[in-house]
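What follows is a single structure, written as structure tokens, with notes after it.
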Amino acid sequence: MNSDAKKFIELNKNINRGYRKLEVWQEAVVLFAFVKKKINTLSELSFKLKSQIEDSAMSVSSNIAEGYCRRFLKENIQFNTIALSSLGENYSQIFNLFNAGEIDEEWFREYDKIHYSLENKLIKLNKSCIEKLKESYDWKNDYHVREIIEKYEIV
């Protein structure tokens, strides 16, 4: 994440913006920027294809944020699952471009590394939320600011 964007994570904090502290959201923001920068260099691609690829990458961070802001554990799980689906869609699109020779191997390897890290962290986060749901845990909906910073292990 660029330094200008990073400084805003610490500004104007409230309970609804807590997702900004999640590593998965931050990595999703990085993935989008990484993909967008590369897609914009591919002049042979149609506007429609570029748009679809950017949309699937943007959808990841958007769904993580929306799920968090819904303030209910079941909805958070659902939106994290949608974010995972968007990650799968984006990987498939990028892989197809790599397979077609539109993307070089060096860039694809870096993309795959970023994608894999994010994907595993998001899977781990969703598993953790599902376990909390099984324990009859529900989101703290009283709007007191609680910042819980969890580290996610890569499986």
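Note that the structure is a prediction, hence the values are computed from the model and not measured.
- Both V30 and I103 are assigned to one and the same hydrophobic cluster, defined by single-linkage of ILVMFWY side chains at heavy-atom distances under 4.5 Å.
- For E106, there are no salt bridge (charged side-chain N to carboxylate O under 4.0 Å, His left out) partners, not counting sequence neighbours.
- Considering CD1 of I77 and OG of S128, their distance stands at 9.0 Å, rounded to 0.5 Å.
- Minimum heavy-atom separation, R20 to W25: CA-CE3, 3.5 Å.
- The structure places CG of L122 at 5.0 Å from CD1 of I64, a figure rounded to the nearest 0.5 Å.
- Pairing each heavy atom of E105 with each of F98, the nearest pair is CA-CE1, 3.6 Å.
- Contacts of S62 classified as side-chain hydrogen bond (donor to acceptor under 3.5 Å, both in side chains), with partners at least two apart in sequence or in another chain: none.
- Annotation: side chain of Q26 is in contact with side chain of I9 (closest heavy-atom distance under 4.5 Å).
- Residues E131 and K127 are not in side-chain contact: their nearest non-hydrogen atoms beyond the backbone lie 4.5 Å or more apart.
- When hydrophobic clusters are built by joining Ile, Leu, Val, Met, Phe, Trp and Tyr residues whose side-chain heavy atoms come closer than 4.5 Å, directly or via intermediates, I114 is grouped together with F95.
- Using a 4.5 Å heavy-atom threshold, the side chains of V60 and V24 count as separate.
- The closest side-chain heavy-atom distance from K38 to D104 is below 4.5 Å.
- Annotation: side chain of Q78 is not in contact with side chain of K74 (no heavy-atom distance under 4.5 Å).
- Using the six-membered ring where Trp is involved, Y111 and F108 have ring planes that are tilted, between 30° and 60° apart.
- The CD atom of Q93 sits 9.0 Å away from the CG atom of D55 when rounded to the nearest 0.5 Å.
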Check step by step if side chain to side chain contact (heavy atoms under 4.5 Å, CB included) holds for L97 and I39.
CA-CA 10 Å; L97 291 177; I39 293 304; 4.1 Å; yes

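- The heavy-atom pair separating L73 from C129 by the smallest distance is CD2-O, 3.7 Å.
- Heavy-atom minimum distance, K50 versus S43: NZ-CA, 4.2 Å.
- Residues M58 and M1 do not share a hydrophobic cluster, clusters being chains of Ile/Leu/Val/Met/Phe/Trp/Tyr side chains in contact below 4.5 Å.
- Listed by chain and residue number, nothing satisfies the salt bridge (charged side-chain N to carboxylate O under 4.0 Å, His left out) test with E102 (two or more places apart in sequence, or in another chain).
- Among all heavy-atom pairs drawn from F79 and G67, the shortest one is CB-CA, 3.4 Å.
- Taken together through direct or relayed side-chain contacts under 4.5 Å among Ile, Leu, Val, Met, Phe, Trp and Tyr, V35 and L87 form part of one hydrophobic cluster.
- At a threshold of 4.5 Å between non-hydrogen side-chain atoms, the residues R71 and N76 do not count as touching.
- Under the 3.5 Å distance criterion, the side-chain polar atoms of N90 are left unmatched by any main-chain donor or acceptor of S86.
- Residues I94 and D112 are not in side-chain contact: their nearest non-hydrogen atoms beyond the backbone lie 4.5 Å or more apart.
- Under the 4.5 Å side-chain heavy-atom criterion for ILVMFWY residues, a single connected hydrophobic cluster contains both L31 and I53.
- Under the side chain to side chain contact (heavy atoms under 4.5 Å, CB included) test applied with I123, the options L118, L84, T81, N80 reduce to a single match, L84.
- Within the 4.5 Å cutoff, the side chain of L42 has no heavy atoms near those of the L49 side chain.
- A search for salt bridge (charged side-chain N to carboxylate O under 4.0 Å, His left out) contacts involving E27 returns K121, not counting sequence neighbours.
- For residues 26-52, the ring-ring contact (aromatic ring centres under 6.0 Å, His included) pairs, not counting sequence neighbours, are F34-W107.
- E89 meets the salt bridge (charged side-chain N to carboxylate O under 4.0 Å, His left out) test with no other residue; sequence neighbours excluded.
- Nearest heavy atom pair, residue Y68 against residue G18, reads OH-CA, 3.4 Å.
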